[in-house]
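What follows is a short report on a single structure.
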Amino acid sequence: MKTLFIVIVGLALAFAGWYVSTEVHLAFQESLASQGIPLDLGKTVSMIGMFLILFPVLNMFYFKPLGDAIHGRTTELERTFAEATEMRAEMAQLKSDYEKRIVQTEAEARESIQATIREAQSLRDQLRSDAVKQAEELKKTAIAEIEQEKQKIMGDLRLHVVNLTLQATERLVGESMDDAKSRRLVEEFIDKVEATA
């Protein structure tokens, strides 16, 4: 409505100016023209009317679409900035969560490694203790077997010495010395020799 009013006023001024310019001759215009100042009041009024007509047209076909485009672009930029801000906040939250998970994972891995090391040390100590016990048992068994073998060899050697002694005595005396008494005497003699050795 306001635009229509401005256009009507513009048309009225344009026609009025055209009429004044073509039909009305003012004295001060002729005076100014004689002084070298060509002022045409009708053309000036007509140009003002044309501007009043042209302004709504420019506003309708240029300024308003341009303003709408600028407003739309501004709205789009604001929405984009808002989305960027929201994404930045989400990224910061994700980064914080990721760092927390890394710290937690490192702590769990460290605890797991420490537990494995403790378990390995315990197993090593147990194996070492078992090995020491087994070595001690093998040592005792070996000493017992050696002692047993030694006693057996000493018994055989003692019997052999007794037999040799009795055989030598029989050859010297010419009589049989293989009776229990002679054998006991020889054994007692060997015991005394071993006791004094």
Side-chain angles (χ1 to χ4, degrees), residues 1-22 32 37-153:
M1 188 67 182
K2 183 180 178 181
T3 303
L4 181 61
F5 176 73
I6 292 172
V7 169
I8 293 172
V9 171
L11 286 172
L13 289 175
F15 280 113
W18 172 77
Y19 178 77
V20 170
S21 177
T22 56
L32 289 174
I37 304 173
L39 176 62
D40 189 344
L41 185 60
K43 289 182 179 178
T44 303
V45 172
S46 181
M47 289 180 65
I48 292 172
M50 292 304 293
F51 276 120
L52 290 177
I53 296 170
L54 184 62
F55 180 74
V57 174
L58 289 174
N59 185 42
M60 181 180 298
F61 292 104
Y62 180 72
F63 292 119
K64 190 172 186 307
L66 181 62
D68 292 342
I70 292 173
H71 178 69
R73 183 64 179 163
T74 302
T75 303
E76 182 69 20
L77 288 174
E78 289 176 352
R79 187 175 61 80
T80 302
F81 285 137
E83 290 177 355
T85 303
E86 185 178 352
M87 289 180 65
R88 190 180 300 114
E90 290 179 359
M91 291 297 293
Q93 183 63 36
L94 288 174
K95 181 182 178 184
S96 176
D97 294 343
Y98 179 71
E99 290 175 349
K100 288 179 181 177
R101 282 201 298 270
I102 287 177
V103 171
Q104 183 178 0
T105 302
E106 287 179 350
E108 290 175 356
R110 195 178 304 111
E111 180 62 26
S112 177
I113 290 172
Q114 293 294 331
T116 303
I117 290 173
R118 287 194 295 271
E119 185 178 354
Q121 289 175 344
S122 176
L123 180 60
R124 181 197 62 192
D125 295 340
Q126 182 64 37
L127 289 174
R128 181 181 296 170
S129 177
D130 293 343
V132 170
K133 288 180 181 177
Q134 189 175 5
E136 288 293 332
E137 290 177 359
L138 290 174
K139 182 180 176 181
K140 289 180 181 178
T141 303
I143 291 173
E145 289 178 353
I146 290 171
E147 184 64 26
Q148 185 178 3
E149 189 66 24
K150 178 183 172 183
Q151 292 299 326
K152 181 180 177 184
I153 292 172

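Positions are given from 1, in the same order as the sequence printed here.
Contact record, Ala14 with Ser46: O-OG, 3.3 Å, taken as the closest heavy-atom pair. Shortest non-hydrogen contact noted between Asn59 and Pro65 is O-CD, 4.0 Å.
Thr105 places a side-chain N or O within 3.5 Å of a backbone atom of Arg101 that can act as its donor or acceptor partner. Within the 3.5 Å criterion, the main-chain N or O of Arg118 finds no donor-acceptor partner in the side chain of Ser122. Distance alone, capped at 3.5 Å, places no donor-acceptor pair between the Ser21 side chain and the Gly17 backbone. Of the possible polar contacts, none joining the Ser112 side chain to the Glu108 backbone as a donor-acceptor pair under 3.5 Å is found.
Of the candidates Gln93, Lys95, Lys100, Gln93 is the only one forming a side chain to side chain donor-acceptor pair (under 3.5 Å) with Asp97. Screening Arg88, Met87, Glu83 for a side chain to side chain contact (heavy atoms under 4.5 Å, CB included) involving Thr85 leaves a single residue, Arg88.
The CD1 atom of Ile48 lies 12.5 Å from the CD1 atom of Ile53; values are rounded to the nearest 0.5 Å. Atom NZ of Lys140 is separated from atom CD of Glu136 by 6.5 Å, given to the nearest 0.5 angstrom. Separating the CD1 atom in Ile153 from the NZ atom in Lys150 is a distance of 10.0 Å, to the nearest 0.5 Å. Atom-to-atom distance recorded for Glu147:CD and Ile143:CD1 is 9.5 Å, nearest 0.5 angstrom. The CG atom of Leu127 sits 11.0 Å away from atom CD of Gln134, with the distance rounded to the nearest 0.5 Å. Distance NZ/Lys139 to CD/Glu137: 13.0 Å, rounded to 0.5 Å.
Side-chain contact check for Asp125 and Gln121: no donor-acceptor pair (N or O, by modelled atom type) lies under 3.5 Å.
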Show, in sequence, the C-alpha distance, side-chain angles and deciding distance for Arg128 and Arg124, and conclude whether the side-chain contact (heavy atoms from CB on, under 4.5 Å) test is met.
CA-CA 6 Å; Arg128 181 181 296 170; Arg124 181 197 62 192; 4.0 Å; yes
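Dense packing is recorded around CD of Gln151, with more than 12 heavy atoms of other residues, nucleotides or ligands lying under 6.0 Å away. Applying the 6.0 Å contact sphere to CD of Glu76 captures more than 12 heavy atoms from other residues, nucleotides or ligands.
Val9 is linked by a side-chain contact (heavy atoms from CB on, under 4.5 Å) to Phe5, Leu13, Leu52, counting only residues two or more places apart in sequence or in another chain.
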